[in-house]
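Remember, it's 1-based here, ligands and their atoms both numbered in the order they're listed. These numbers come from a predicted model, not from an experiment.
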Amino acid sequence: MKCKVCGQTAAVAMKSHNAGFCEKCFLDFFRKMVARGIKSQNLFAPSTPILVAMSGGKDSLSLALELKEQGYVVHGLFIDLAIPESSAVARETTETFCRKHGIELLTRDLAREGLSIPLVKKALRRPVCSACGKIKRYYFNKIALEEGFTLATGHNLDDEVARLFSNALRWDEAYLSAQGPLMPETEGFARKTKPLWRLTEFETANYAFLRGVECHSAPCPYAKGASFSVLKNIMQNLENVMPGRKIDFYHGYLERGKPAFALARERENRNVSRCENCGAVTSGGKLCGVCGIRIAIAQA
Ligand code: Q46
Ligand code: ZN
């Protein structure tokens, strides 16, 4: 296969675009797609300080590298979950990456916060992923707010489409009203963005490989082989027979689906209050989810 831009031998073949690219043209394509994703959704301005939530995986590291090279003011944030086997490797990988690329890294240790994930797991006695996600989002938001950053996460098109599919399967109005590449800042919530939303997992993996991004490969021992990968596979099978379906589905949601759930968003916004313990905005009653987890730990 030849590169569709310059005619050299292709290094990356992309079915959904019915095209192949050589290394240089693929990296140009990737750059343009990130830039277009930022501009079309008005994610942030060139001078906005960005805080990239970094896990040591290919998506967040690739995102930080690409934003930095496009001239953005990028800092990283790593939350150390204190999970045996995976957290130390993820932290080391992230620190090495940031040193190499001159990215300032902020870190937060959940063990110091009394919220190490093994402790949470022991206290809750149920699969810990949803609590882990809640705690990470809490600290991403808190630190971005305190330090005046716009938050950026490495979610790609496959992540977004699988989430949308999952939300639509449950007709979860609250989530269907609030998904997308941009969550604007509101009281108690930092602005949140997903600049890789136009790029697939395959494309991001190729970017990471071609740019020599060294990501970690120590899987979390608590990962439960999630239903998300089932949904991703279903969407990928669809994409294989109907190229372009994933981005069409997602675009259609942004243009027509999401506005249809605006009423659900208004209802959600009316139900929020401040956590009596930490002051975070919550829709879950007197305490936010993280303070609820703290109590479960104290009572365990
Ligand atoms: S780190 Fe946390 Fe993941 Fe481990 S406990 Fe589950 S959510 S699987 S991305
Ligand atoms: Zn709280």
**Q.** Heavy-atom nearest neighbour in the protein, as seen from atom 1 (S) of ligand 1, with distance rounded to 0.1 Å
**A.**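 Ranking protein heavy atoms by distance from atom 1 (S) of ligand 1, first comes Leu81 CD1, 3.7 Å.
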
Q) Nearest protein heavy-atom contact for atom 3 (Fe) of ligand 1: which residue, which atom, what distance? A)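 Scanning the protein heavy atoms, the shortest distance from atom 3 (Fe) of ligand 1 goes to Lys136 NZ, 4.1 Å.
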
Q. When the ring planes of Tyr250 and Trp197 are compared, do they come out parallel, tilted or perpendicular, using 30° and 60° as the limits?
A.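 Rings of Tyr250 and Trp197: tilted, as their planes differ by 30° to 60°.
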
Q: Decide ring-ring contact (aromatic ring centres under 6.0 Å, His included) for Phe44 and Tyr72; before the verdict, give the C-alpha distance in whole Å, the side-chain angles of both, and the deciding distance to 0.1 Å.
A: CA-CA 10 Å; Phe44 36 71; Tyr72 289 98; 5.1 Å; yes

Q | ligand 1 atoms in contact with Cys220 (distance to a heavy atom under 4.0 Å) | A |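 So the answer, numbered in order with elements, is 1 (S), 4 (Fe), 5 (S), 8 (S).
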
Q.
I need the atoms of ligand 1 closer than 4.0 Å to a non-hydrogen atom of Val128, numbered in the order shown.
A.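 So the answer, numbered in order with elements, is 5 (S).
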
Q. Angle subtended at the Zn ion (ligand 2) by SG of Cys275 and SG of Cys291, to 10 degrees?
A.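 Angle SG(Cys275)-the Zn ion (ligand 2)-SG(Cys291): 110°, rounded to 10°.
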
**Q.** Angle at the Zn ion (ligand 2) (to 10°), with one arm to SG of Cys278 and the other to SG of Cys288
**A.**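 SG of Cys288, the Zn ion (ligand 2) and SG of Cys278 span an angle of about 110°.
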
(Q) Would Lys121 count as a contact residue for ligand 1, given that I'm defining contact as a non-hydrogen atom of the residue lying under 4.0 Å from a ligand atom? (A)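 No heavy atom of Lys121 comes that close to ligand 1.
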
Q: Check the surroundings of atom CZ in Arg112: do more than 12 heavy atoms from other residues, nucleotides or ligands lie under 6.0 Å from it?
A: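 Not buried by this count: 12 neighbours or fewer within 6.0 Å.
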
**Q.** Asp159/Arg163 ion pair, N-O < 4.0 Å
**A.**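 Salt bridge absent between Asp159 and Arg163.
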
Q) Within 45° of the ring axis of Phe21 and under 6.0 Å from its six-membered ring centre, is that where the NZ or CZ of Lys4 lies? A)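 Verdict for Phe21: no cation-pi partner in Lys4.
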
Q. Any side-chain donor-acceptor pair under 3.5 Å between Arg191 and Thr150?
A.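 Thr150 and Arg191 do not have a side-chain donor-acceptor pair below 3.5 Å.
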
Q.
Donor-acceptor pair, distance only, cut-off 3.5 Å: does the side chain of Tyr253 make one with the backbone of Leu176?
A.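 Checked: pair present.
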
**Q.** ligand 1-proximal atoms of Cys129, by part, heavy-atom distance under 4.0 Å
**A.**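 Both backbone and side chain.
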
Q) Which option out of Cys132, Pro219, Ala223, Ala131 puts a heavy atom nearest to atom 2 (Fe) of ligand 1? A)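 Checking each option, the heavy atom nearest atom 2 (Fe) of ligand 1 is found in Cys132.
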
